[in-house]
Amino acid sequence: MQRREFIAATAGGLSLGVAGCLGGSAEQTAGVAGETLTLTTTTSTYDTGLLSELNAPFEDMYGVTVDSVAQGTGAALETARNGDSDVVMVHARSLEDEFMREGYGVNRRDLMFNDFVIVGPSADPAGIEGTGSATEAFAAIAEAGAPFISRGDNSGTHTKELAVWEAADVDPGGDWYQETGQGMGEVLNIANEQGGYTLSDRGTYLSQRSEIDLTILVQGPIEGGPELLANPYGILAVNPAVHEDVNYDLAMAYIGYITSPEAQDLIADYESNGEQLFFPRALSEDPNFQQYVPEGWSASGSES
């Protein structure tokens, strides 16, 4: 499938459209006005509405279109590997590192964070409410044979879920464990319908909380829970040396914008039902240069 055919087939309903007027200086818009940036990203950034809030000012400033393809992290990175994306916004550092080591991604930046929470019915048949350990909570769910709804889609959330099962020394399976292959919003709906548990990023849960009967039973680190449930997001450009037709200049303009004070303030101010969904992470008094390269990488070319 050709690149533009892929975009038309996959991203059509998610396109955010060209801004109604051009903003910024002539220097800013020269050479890119009228172009399209293809962003592959997680379902959480789309489902919460954050993307619309972030992309509109960028489109206005440069006079461009942002085509946002909402997928799980694994699928978003695979789309980029195939050359069908210009920039990737995801939340699974291990998968991001693999993508960079393979040479597909460059100029990674820390972007923002929230955390994961374990949610379930208020009746809590596995008795995990208030548990201070994610692994103990997962082990209790498995022991009780209580329904657990998994993304099962190689997304950032699914990657985190598998890490928790591994840390709990539990191999999930059986009638109680359901892999859906769906995005976070749909998984929350399924868990709600079946009275089951699931692992959710806090942002998507809060954005849907008024529509479902699930409650947070185990908090992440934002509310004092285990650090294992931390959920950092990164953004990186697709390497033009691998895919020469990617819009690298526009991708780098987007990365510059999304990590700017203006966009970071938009992230900090974005709320649903009166609660902050994401926390900015791009700006720091003490720059973290490790964010640009795979974790463990050193200038000598070896990894610790």
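Through side-chain heavy atoms spaced under 4.5 Å, either directly or across other Ile, Leu, Val, Met, Phe, Trp or Tyr residues, L283 is tied to no other residue.
Note on residues 118-129: pairs passing side chain to side chain donor-acceptor pair (under 3.5 Å), not counting sequence neighbours, are D124-Y197. Residue pairs satisfying the side chain to side chain donor-acceptor pair (under 3.5 Å) criterion with at least one member in residues 260-283, sequence neighbours excluded, are listed as follows: R209-E275. Among residues at least two apart or in separate chains, side chain to side chain donor-acceptor pair (under 3.5 Å) pairs with a member in residues 156-167 are S150-E161, E161-W165, E161-Y177.
Atom CG of D175 is surrounded by 12 or fewer heavy atoms from other residues, nucleotides or ligands within 6.0 Å.
Taking both residues in full, the closest heavy atoms of P57 and L266 are given as CG-CD1, 4.0 Å, listed atom of the first, atom of the second, then distance.
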Show me the donor-acceptor pairs, under 3.5 Å and distance only, between side chains in residues 249-258 and residues at least two apart or in other chains.
from : atom 1 : to  : atom 2 : distance (Å)
Y254 : OH     : N55 : OD1    : 2.6
Y257 : OH     : L54 : O      : 2.5

Please output the side-chain donor-acceptor pairs of residues 212-228 that fall under 3.5 Å, not counting sequence neighbours, one pair per line with the distance.
from : atom 1 : to   : atom 2 : distance (Å)
Q219 : OE1    : R202 : NH1    : 3.2
Q219 : OE1    : R202 : NH2    : 2.8

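Contacts of E98 classified as side chain to side chain contact (heavy atoms under 4.5 Å, CB included), with partners at least two apart in sequence or in another chain: R81, L95, E102. For D171, there are no side chain to side chain contact (heavy atoms under 4.5 Å, CB included) partners, not counting sequence neighbours. Taking the side-chain hydrogen bond (donor to acceptor under 3.5 Å, both in side chains) definition, one finds that Q208 meets it with nothing, sequence neighbours left out. The side chain to side chain contact (heavy atoms under 4.5 Å, CB included) check on E143 picks up nothing, with sequence neighbours excluded. Listed by chain and number, the residues in a side-chain hydrogen bond (donor to acceptor under 3.5 Å, both in side chains) with D47 amount to none (sequence neighbours excluded). Legend: residues meeting ring-ring contact (aromatic ring centres under 6.0 Å, His included) with F113, ordered by chain and number and at least two apart, are F279.
For the pair M100 and V293, the minimum side-chain heavy-atom distance is 4.5 Å or more.
Of the possible donor and acceptor atoms, one in the side chain of T198 sits under 3.5 Å from a partner among the backbone N and O of I149.
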